[in-house]
Structures are given as C-alpha cells and as structure tokens.
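Just so we're clear, the structure is a prediction, and the values are computed from it rather than from any experiment.
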Amino acid sequence: GGSSGTAVALTVGWSLSQSRLGEDNGRSIIARIAGSNVNAGGDVTVSAEDLARVETLAIGGAASGAGFTSSSVAFAFGGAGAVALNRVETTVSAKVETNSVITAGGAVTVSALDASRLTADAGGVALALSVATQPGAAAVSVSVGVGVADNELTSSVTAQVSQSRLDATGAVKVEARSGEVSAKRLDALAIAGAGSVSVTTSNGIISGSLAGAFAVADNDVTQTTQAS
C-alpha cells in the first residue's frame with residue numbers, strides 16, 4: 001500500500017519439478033544368455049522387468065495487494081505457475097542368442113516386461129487485490145494461474161530367441177509385455193486457479209478485475225513390444 005498517489009504491487013510465484021530417467025543415454029534392463037550351454041533339471045527362466053515408479057509434484061502460488069490507504073491509483077498483479085514433467089526412456093530385453101543351447105527338465109521362459117508408472121501433478125494459484133480510496137480513483141487487479149503436468153514415456157520391450165536351441169520337457173514361452181496405457185500407469189493432473197478483486201471508494205471512476213486460469217495435463221506414449 002502507499003499514501004496518496006499510485007500504489008503498485010507485483011507478485012510472481014513459479015515452481016518447476018521434473019524427473020528425467022534415461023533421457024540422454026537411454027536406460028536398459030537386460031537379461032541375456034549368449035554363446036552358452038545351460039543344463040537344468042527343472043525350469044529355466046530368462047526374465048527382464050522394469051517396475052520403476054516416477055512421481056513429480058510442483059506447486060506455485062502468489063498473492064498481491066495494493067492500495068488500502070490514500071491511493072488514487074492502485075494496481076495489483078499476481079501470477080503463479082507450476083510445471084511437473086516426467087521424461088522416461090527405457091529398453092527392456094530378454095534374449096537367448098549366439099548359438100546358445102538350453103536343456104531343461106521343465107519349462108523354459110524368456111520374458112520381458114515394462115510395468116513402469118509415471119505420475120505428474122501440478123497446481124498454480126494466484127490472487128490479486130487492489131483498493132483505491134481517493135475521489136476519482138482507479139483500482140485494477142489482474143491474476144493469472146497456470147498448471148501444466150506432462151508425462152512422456154518411450155519404451156521398447158523385446159523377448160527373443162535367435163540362433164539358439166531350446167530343449168524342454170515342459171512348455172516353452174517367449175513373451176514380451178507392456179503395461180496398459182491407463183490412468184493407473186500414466187497419471188497427469190493439472191490444477192489452476194486465479195482470483196482478482198478491485199475496490200474503489202469515494203466515487204472512484206474505474207474498478208476493474210481480470211482473472212485467468214489455465215490447466216494442461218498430457219500423456220504421451222511411444223511403445224514397441226516384440227517377441228520372436
């Protein structure tokens with residue numbers, strides 16, 4: 001606030017939270033038998049699994065107030081933004097290769113699974129209040145709240161037997177699985193709020209308020225699953 005004249009208040013709150021897993025060099029989970037002979041009296045399992053849990057939370061807030069005493073012009077601006085980002089790139093592979101021989105007295109299973117989960121939550125809330133008390137005064141308040149939550153998953157899942165022999169008395173399985181693209185696996189929540197109040201007394205001539213809230217939530221999945 002101020003005495004007579006002009007009162008201006010500007011407040012900005014910003015929050016950025018991000019998780020980056022394997023984004024540049026890639027992240028690999030590999031189970032492999034290569035150029036080997038395996039003899040087992042029971043089951044043989046070659047399994048690779050990605051069970052990662054990635055959670056990101058960002059909260060931004062701002063409150064601004066101007067005027068309140070003998071002000072002829074009062075202007076208040078409050079801006080708040082919150083961004084939560086998850087970026088995950090992963091390769092999951094289970095392989096038997098390069099002239100390997102597996103002899104099992106039971107089942108042989110070659111299995112690759114990606115069941116990773118990503119959660120991004122963001123909330124931005126802004127408030128602005130302006131009060132002008134002089135005759136012919138002007139009071140203006142503007143508030144903007146922004147929330148952005150984004151998940152991006154790039155996944156390659158491979159189960160493979162190549163140039164190798166599997167001898168089993170039980171079942172032989174070669175399977176590659178990826179978790180369903182659902183709210184349980186990819187969860188993005190964005191909340192935004194804004195409030196503005198302008199007050200003039202003593203026959204004020206201008207009283208204006210503007211509030212804007214923007215929320216964006218997005219899930220982006222690129223997924224390759226292969227068994228051979």
Side-chain angles (χ1 to χ4, degrees), residues 16-58 83-122 148-190 215-228:
L16 170 63
S17 181
Q18 57 183 335
S19 297
R20 299 179 182 271
L21 191 60
E23 187 179 38
D24 295 325
N25 299 322
R27 174 174 173 267
S28 298
I29 301 171
I30 300 172
R32 180 171 61 185
I33 295 176
S36 301
N37 294 326
V38 177
N39 293 282
D43 297 341
V44 174
T45 300
V46 183
S47 177
E49 297 183 345
D50 184 3
L51 304 177
R53 302 290 184 267
V54 182
E55 299 181 358
T56 304
L57 172 65
V83 179
L85 303 174
N86 288 321
R87 298 287 185 270
V88 176
E89 295 184 11
T90 186
T91 299
V92 183
S93 64
K95 295 182 178 181
V96 178
E97 58 186 3
T98 320
N99 299 315
S100 294
V101 178
I102 296 179
T103 304
V108 175
T109 302
V110 181
S111 175
L113 169 65
D114 177 15
S116 54
R117 292 186 180 181
L118 282 64
T119 301
D121 297 323
V148 178
D150 183 63
N151 290 313
E152 184 175 313
L153 173 64
T154 302
S155 173
S156 175
V157 184
T158 303
Q160 185 178 58
V161 177
S162 63
Q163 298 179 339
S164 299
R165 192 176 78 215
L166 306 181
D167 294 327
T169 59
V172 175
K173 292 183 180 180
V174 181
E175 58 181 3
R177 294 176 294 153
S178 296
E180 294 182 0
V181 179
S182 65
K184 292 184 178 180
R185 189 180 184 203
L186 296 175
D187 183 10
L189 174 64
V216 179
D218 182 59
N219 291 314
D220 186 11
V221 179
T222 302
Q223 194 165 263
T224 303
T225 306
Q226 179 180 4
S228 62

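- Of the candidates V88, L113, I29, D50 forms a side chain to side chain contact (heavy atoms under 4.5 Å, CB included) with just one, namely I29.
- Inter-residue side-chain proximity for Q226 and S156 is flagged as unmet; no heavy-atom pair is nearer than 4.5 Å.
- In this structure, R27 places its CZ atom where more than 12 heavy-atom neighbours from other residues, nucleotides or ligands lie under 6.0 Å away.
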| said: Does E97 form a side chain to side chain contact (heavy atoms under 4.5 Å, CB included) with R32? I'd like the steps, not just the answer. | reply: CA-CA 8 Å; E97 58 186 3; R32 180 171 61 185; 2.7 Å; yes
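- Rounding to the nearest 0.5 Å gives a distance of 6.5 Å between OG of S100 and CD1 of I33.
- Shown are V46, I102, V101; of these, the side chain to side chain contact (heavy atoms under 4.5 Å, CB included) with V38 is made only by I102.
- Here the straight-line distance linking atom OG1 of T158 with atom CG of D114 works out to 11.0 Å at 0.5 Å rounding.
- How far OG1 of T56 is from CG of N151: 7.5 Å, rounded to the nearest 0.5 Å.
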| query | Between E55 and S19, does a side chain to side chain contact (heavy atoms under 4.5 Å, CB included) hold up when you go through it step by step? | reply | CA-CA 8 Å; E55 299 181 358; S19 297; over 6 Å; no
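- Closest non-hydrogen pair, R53 versus L51, comes out as NH1-O, 2.9 Å.
- Here the closest heavy-atom approach between residue A215 and residue A190 is recorded as CB-O, 3.7 Å.
- The shortest non-hydrogen separation linking A52 to L21 is CB-CD2, 4.4 Å.
- Checked by atom type and distance alone, the side chain of S93 never pairs as donor or acceptor with a backbone atom of I30 at under 3.5 Å.
- Pairing each heavy atom of S47 with each of A31, the nearest pair is O-CB, 3.3 Å.
- Using a distance-only test at 3.5 Å, with no hydrogens or angles considered, no donor-acceptor pair links the side chain of T154 to the main chain of E89.
- When all heavy atoms of T98 and S164 are compared, the closest pair comes out as N-OG, 3.8 Å.
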| message | For T119 and D121: C-alpha separation, side-chain torsions, deciding distance, then whether side chain to side chain contact (heavy atoms under 4.5 Å, CB included) applies. | response | CA-CA 7 Å; T119 301; D121 297 323; 3.8 Å; yes
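- The shortest heavy-atom contact between K95 and V110 is N-CG1, 4.2 Å.
- Checked options D150, D187, V221, N86; the residue passing with L118 is N86 (criterion: side chain to side chain contact (heavy atoms under 4.5 Å, CB included)).
- Separating the CG atom in L166 from the NZ atom in K173 is a distance of 14.5 Å, to the nearest 0.5 Å.
- Summarising the geometry, atom OG1 belonging to T103 is positioned 7.5 Å from atom CG belonging to N37; distances are rounded to the nearest 0.5 Å.
- The closest donor-acceptor contact from the side chain of R117 to the backbone of A115 lies at 3.5 Å or more, if one exists at all.
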